[in-house]
Number of protein chains: 2
Amino acid sequence: MDQFIGKGGKREEIMELSVPLFAVFGYDGVSMRDVAAVCGLTPAALYYHFSHKEDLYLEVVAHAFREKSAALLIKLKDSDSPWVQLENFITNLAHLAAKDEDFLRLMQWVRLDSEEMRQQKLVTHVFKDLFLAVHALVAKLNSRYDPYMLSMSIIHLVLIPFEGKKIRKFMPGYRPEHDQPDVLARHVIDLLRMGLFEYRTSD
Amino acid sequence: MDQFIGKGGKREEIMELSVPLFAVFGYDGVSMRDVAAVCGLTPAALYYHFSHKEDLYLEVVAHAFREKSAALLIKLKDSDSPWVQLENFITNLAHLAAKDEDFLRLMQWVRLDSEEMRQQKLVTHVFKDLFLAVHALVAKLNSRYDPYMLSMSIIHLVLIPFEGKKIRKFMPGYRPEHDQPDVLARHVIDLLRMGLFEYRTSD
DNA sequence: AGAAACTAAACGAACGTTTAGTAAAATATT
DNA sequence: AATATTTTACTAAACGTTCGTTTAGTTTCT
């Protein structure tokens, strides 16, 4: 009865077990022996399921990203106003970033990938849908800004603080609450709504 | 007459030649044989100047960062108003990021470093001064936001788009002008000043 | 019996690093 | 001023380890 997930099931198991490895140590920092060890297998067994190390890595990253970005996209309902949609998206993204450190670190490794072909493949398959959704959203919100640059700014404002979590701890002025997704989401939303000057739109 | 720079001069030469290597391929992606090759030396010769690979790497990164962040800090004059200072800082930072790709990529590698001791050493020696300067600046500018979070947001808004330059090219809506430092600086300054809504403080 | 999912062992290549030796320059001694 | 000595800045070769990967054989399940 498992004829459809029998082979793929094992592949997925290997992929899920190696996500934390690649997330922490990167492609060059993880050996096939490392992957085999966390899977309870021999290195040679991996070559039954994947043809090369790069094959395994590509599928691991794509798998991790498909999962997460799909979860974000289904929450982008058209029912609310664009501004409420954006607020919700920022909050959701902040919670995802706070919860799933592996996802964030994999993104960083992809951004640093020195093999352009591999990088392009990963990026277009993985980020494009999410970026397009934000792009369409901000285009409805404000016509003064370039929607491309504004989308980038918003995504970065939310994600990067969590990427640099370990680093931020050493910086002067750090307080533990800066790691809470709701606190960061609030900060980003306020900054986007009002900018730096004290005009205050409400309250 | 070269008794003071005789040894250090050669060390610096090696360091400067290996910056592009470590920037592109990272610590694990560069071998001592690679470094030796670009320096026109034998691998063993490197161990005359540096005791370990990690020693070399640490000094390379610290050296590259000291140079760049010092150049940014001396431009932060107290003569102007805080807002003008911030505008200038954003523009300077954007130009630095656009010009020096190695600097940006080294920063990314540091953020991904899995060895906490090494990471902390690099971060505190390198980023702290710059961050402190921005922190003091935004604290004078606006009391509504947490100065720590606001400093982070500003630095990220400027630097990260250039970090992701290769990736952004594959995203829908990209135009070459998005890579121009003045265009990005203008975008960030406007976003910070006015936020998303159409209040317009001045034309 | 036959396909599926492995293991044990080994391949050559590349890795960080060490050892032993050398040519040249600086320093000290006569 | 000429010679001996030390220090500097390396090279050639190799050390043991780890790497990605392969081969040949074995267990497990249908």
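Letters A, B, ... mirror the listed sequences (proteins, then strands); counts begin at 1.
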Between [N] ([atom2]) and [X] ([atom1]): distance, integer Å:
X       : N      : atom1 : atom2 : value
A/Phe50 : C/dC6  : CZ    : C1'   : 15 Å
A/Asp28 : D/dG20 : CG    : C1'   : 12 Å
A/Leu21 : D/dC19 : CG    : C1'   : 16 Å
A/Lys53 : D/dC19 : NZ    : C1'   : 8 Å
A/Tyr47 : D/dG20 : OH    : C1'   : 4 Å
A/Tyr27 : D/dC19 : OH    : C1'   : 11 Å
B/Arg33 : C/dA14 : CZ    : P     : 9 Å
A/Leu41 : D/dG20 : CG    : P     : 16 Å

task: Tell me whether the centres of the aromatic rings in A/Phe127 and A/Phe65 are closer together than 6.0 Å.
output: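 Yes, they do, as the ring centres are separated by less than 6.0 Å.
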*How about B/Tyr148 and B/Phe131: are their ring centroids closer than 6.0 Å?*
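For B/Tyr148 and B/Phe131, the ring centres are under 6.0 Å apart.
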Sugar-phosphate only, base, or nothing, as touched by B/Val30 at under 4.0 Å among non-hydrogen atoms
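The residue B/Val30 makes sugar-phosphate contact but no base contact.
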So, does [X] get its side chain near the phosphate of [N], meaning an N or O under 4.0 Å from OP1 or OP2?
X       : N      : result
B/Ser31 : C/dC15 : yes
A/His49 : C/dA4  : no
A/Tyr48 : C/dC6  : no

Side-chain donor or acceptor of A/Arg168 paired with backbone N/O of A/Pro161 under 3.5 Å: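 Yes: the side chain of A/Arg168 pairs with the backbone of A/Pro161.
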inquiry  = Run B/Asp182 and B/His95 through side-chain contact (heavy atoms from CB on, under 4.5 Å) and show every step you take.
reply    = CA-CA 7 Å; B/Asp182 283 323; B/His95 274 94; 2.9 Å; yes
Of the options [options], whose atoms approach the side-chain atoms of [X] most closely?
X       : options               : result
A/Thr42 : D/dT21, C/dT19, C/dT7 : C/dT7
A/Met32 : D/dG20, C/dT7, C/dT17 : D/dG20
B/Ala45 : D/dT11, C/dC6, C/dT17 : D/dT11

*Given the rule in the side-chain contact (heavy atoms from CB on, under 4.5 Å) test, do B/Leu96 and B/Phe103 qualify, once you have shown the distances and angles that lead to the verdict?*
CA-CA 9 Å; B/Leu96 167 64; B/Phe103 173 75; 3.9 Å; yes
query = When the nearest nucleotide of DNA chain C is assigned to B/Ala44 and to A/Ile14 on a heavy-atom basis, which residue is associated with the more 5' position?
reply =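 It is A/Ile14, whose closest nucleotide lies nearer the 5' terminus.
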